[in-house]
Amino acid sequence: MPSSITWGLLLLAGLCCLVPGSLAAGLQSDGVQETDASKHGDQPASHRIAPNLADFAFSFYRQVAHQSNSSNIFFSPVSIATAFAMLSLGTKGETHTQILEGVGFNLTERAEADIHEGFRSLLHTLNQPDNQLQLTTGNGLFISEKAKLVDKFLEDVKKLYHSEAFSINFQDSEEAKKRINDYVEKGTQGKIVDLVTELDKSTVFALVNYIFFKGKWEKPFEVDQTTEEDFHVDAGTTVKVPMMVRLGMFDLHHCDTLSSQVLLMDYVGNATAFFILPDEGKLEHMENKLTKEALTKFLVKRHLRSATLHLPKLSISGTYDLQTVLGNLGITRVFSNGADLSGISEDIPLKLSKALHKAVLTIDEKGTEAAGATLGEAMPMSIPPEVEFNRPFVIIIYDRNTKGPLFVGKVVNPTQK
């Protein structure tokens with residue numbers, strides 16, 4: 001133990017995903033993309049870090065899946081990676097290396113400046129305003145009134161990560177907790193409340209990240225077609241769930257590599273949801289084989305086929321102590337007394353005392369009110385197959401504009417909140 005006091009640092013990744021409403025067509029940021037393209041050919045900076053975010057997403061997923069095969073999973077790899085990349089600006093030595101490598105970056109192959117530029121481009125693009133857009137991310141830095149933080153760190157998190165900074169009195173832990181929770185609740189439009197339940201008075205600053213997404217299906221379901229059906233949680237457990245049903249043309253494939261049915265459903269705008277339904281007994285096989293390469297081919301080669309789709313209407317959430325999960329991915333030093341966060345504060349030794357992440361997912365029938373355009377869908381004369389998502393499946397919400405995974409989850413039991 002060091003002789004001086006080790007102050008607590010609290011990191012919160014708070015976010016929300018609500019999947020019925022509206023994601024606009026205008027996510028794209030022409031200005032940033034042109035600027036990035038002029039420096040590096042035609043590829044925006046956000047695209048260059050997208051493969052790393054995808055690798056991190058699947059690594060994190062497998063860690064969580066191995067901890068429990070009976071719980072729903074839902075998290076935002078973009079939110080977690082953004083928060084820790086931002087934190088890395090104030091770290092040095094092994095602490096610094098572990099964080100960036102732990103969230104998927106090889107520092108011998110990529111300059112650190114390019115990593116942060118990639119996140120800057122990503123956040124700028126995701127936060128482009130539009131009259132239909134409901135995709136926002138935010139970073140808040142709550143700083144103790146008594147702390148003197150390094151100016152360069154404050155400048156960098158503001159410039160690269162668009163972070164807001166707030167002065168706060170952590171000695172009044174109840175008031176500090178309220179201010180942080182109010183910030184997250186407002187940013188997630190009321191979907192995540194009371195994220196912080198305990199707050200140490202010795203905290204020097206709290207780093208808060210959130211992402212909020214609300215998307216509407218390009219081809220919504222009819223509410224009056226939703227019926228109660230069986231969902232088979234496992235061999236011995238069946239629950240009743242409201243099942244949305246629609247006969248139509250779907251981007252549906254069987255993937256031999258994953259031993260799964262893969263369904264792609266577009267939102268209005270630049271997001272696509274992957275629904276991956278493993279063949280009977282093939283869930284673990286699919287989880288082990290799930291990679292960005294396995295999914296990329298479906299985005300490149302899309303085709304429609306007729307089917308009657310059964311998809312559960314649900315609301316699930318995931319809450320994670322990131323110290324445990326990220327520790328298994330090699331990020332350990334930042335949580336220890338050997339942490340080097342001297343780029344944040346030179347006069348107070350810091351470590352990361354707590355890292356929380358919460359995500360919420362809602363799926364329902366909703367689309368635009370002007371849904372009549374979907375009614376004229378041409379159907380083949382043959383009887384279409386029934387595709388029933390009535391056993392555990394994986395969902396990935398992908399942003400086509402930044403080419404990155406916004407959210408990843410597994411629905412084990414749709415009735416489990």
Side-chain angles (χ1 to χ4, degrees), residues 19 23-30 32-34 36-37 40-62 76-78 81 104 109-110 118 121-122 125-126 135 213 215-219 248-279 282 285-307 309 311 374 377-378 380 384-385 387 389 393-410:
V19 185
L23 180 70
L27 276 175
Q28 137 171 347
S29 166
D30 293 334
V32 166
Q33 293 197 1
E34 288 174 6
D36 293 333
H40 300 278
D42 295 326
Q43 191 179 44
S46 59
H47 290 192
R48 295 196 298 277
I49 67 169
N52 306 87
L53 291 176
D55 287 339
F56 170 65
F58 295 129
S59 296
F60 190 98
Y61 174 89
R62 277 187 274 273
S76 170
V78 166
E109 296 178 356
R110 188 186 301 273
S121 172
L122 173 75
T125 305
L126 292 180
L135 173 60
F213 168 65
K216 65 187 176 197
W217 302 121
E218 280 192 354
K219 299 177 180 179
M249 301 295 290
F250 294 96
D251 193 349
L252 183 67
H253 318 252
H254 185 273
C255 177
D256 292 336
T257 302
L258 297 176
S259 298
S260 300
Q261 293 276 6
V262 180
L263 168 69
L264 279 70
M265 285 179 56
D266 290 328
Y267 296 99
V268 174
N270 296 298
T272 296
F274 287 83
F275 294 93
I276 305 169
L277 180 69
D279 299 340
K282 293 292 187 178
H285 169 86
M286 180 273 290
E287 290 177 329
N288 289 331
K289 295 289 185 180
L290 194 56
T291 63
K292 61 180 182 293
E293 290 81 11
L295 298 180
T296 298
K297 61 182 180 180
F298 296 118
L299 287 165
V300 174
K301 203 171 183 179
R302 302 189 65 170
H303 69 272
L304 298 177
R305 53 178 284 201
S306 63
L309 176 66
L311 190 67
T374 65
E377 213 168 359
V387 180
F389 282 75
F393 62 90
V394 164
I395 178 172
I396 299 167
I397 298 175
Y398 171 88
D399 179 55
R400 298 194 302 274
N401 216 24
T402 60
K403 301 189 181 301
L406 299 177
F407 299 93
V408 178
K410 177 169 69 172

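How far OG1 of Thr125 is from CG of Asn270: 10.5 Å, rounded to the nearest 0.5 Å. Here the straight-line distance linking atom NE2 of His47 with atom CG of Leu122 works out to 9.5 Å at 0.5 Å rounding. Between Leu53 atom CG and Asp55 atom CG the span is 9.0 Å, to the nearest 0.5 Å. In this structure, Ser121 OG and Leu126 CG are separated by 9.0 Å, a value rounded to the nearest 0.5 Å. One distance of note links NZ of Lys282 with NZ of Lys289; it measures 10.0 Å at 0.5 Å rounding. One finds the NE2 atom of His303 at 5.5 Å from the NE2 atom of His253 (value rounded to the nearest 0.5 Å).
In terms of heavy-atom proximity, Ser306 sits nearest to Pro384 at OG-CB, 3.6 Å. When all heavy atoms are compared, the tightest approach of Phe393 to Ile276 is CB-O, 3.2 Å. The two residues Pro278 and Ser260 come nearest to each other via the heavy atoms CA-OG, 3.3 Å. Annotation for Asn52 and Arg48: closest pair OD1-O, 3.5 Å, computed over non-hydrogen atoms. The minimum heavy-atom distance linking Ala307 with Phe250 is given by the pair O-CE1, 3.4 Å. Between Val408 and Pro405, the shortest heavy-atom distance links the atoms CG2-CB, 4.5 Å.
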**Request:** I would like to know whether Val394 and Tyr61 meet side-chain contact (heavy atoms from CB on, under 4.5 Å); could you show each step before the answer?
**Result:** CA-CA 10 Å; Val394 164; Tyr61 174 89; 3.3 Å; yes
**Request:** Apply the test ring-ring contact (aromatic ring centres under 6.0 Å, His included) to residues Phe407 and Tyr398: give CA-CA distance (whole Å), side-chain angles for both, the deciding distance (0.1 Å), then the verdict.
**Result:** CA-CA 7 Å; Phe407 299 93; Tyr398 171 88; over 10 Å; no
**Request:** Before giving the answer on side-chain contact (heavy atoms from CB on, under 4.5 Å), spell out for Phe274 and Leu295 the whole-Å C-alpha distance, their side-chain angles and the decisive distance to 0.1 Å.
**Result:** CA-CA 9 Å; Phe274 287 83; Leu295 298 180; 4.1 Å; yes
**Asked** Would Lys297 and Thr257 satisfy side-chain contact (heavy atoms from CB on, under 4.5 Å), going step by step from the backbone distance to the final call?
**Response** CA-CA 12 Å; Lys297 61 182 180 180; Thr257 302; 4.1 Å; yes
**Request:** For side-chain contact (heavy atoms from CB on, under 4.5 Å), just list the numbers for Leu309 and Phe275, CA-CA rounded to whole Å, side-chain angles, deciding distance to a tenth of an Å, and then say yes or no.
**Result:** CA-CA 12 Å; Leu309 176 66; Phe275 294 93; over 6 Å; no
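Residues Glu287 and Lys410 are in side-chain contact: their nearest non-hydrogen atoms beyond the backbone lie under 4.5 Å apart. Residues Glu218 and Met265 form no side-chain contact, since every pair of their non-hydrogen atoms from C-beta on lies 4.5 Å or further apart.
Side-chain contact, Asn288 with Arg62: no donor N or O sits under 3.5 Å from an acceptor N or O. No hydrogens or angles considered: nothing links the side chains of Asp279 and His285 as a donor-acceptor pair under 3.5 Å.
In this structure, Trp217 and Tyr267 have parallel ring planes: the angle between them is below the 30° cut-off, well short of the 60° mark.
No donor-acceptor pair closer than 3.5 Å links the side chain of Ser46 to the backbone N or O of Thr402.
Applying side-chain contact (heavy atoms from CB on, under 4.5 Å) to Val387 and the options Leu311, Leu263, Leu252 leaves one that passes, Leu252.
Applying the salt bridge (charged side-chain N to carboxylate O under 4.0 Å, His left out) test to every pair with at least one member in residues 257-270, sequence neighbours left out, gives these pairs: Asp266-Arg302, Asp266-Arg400.
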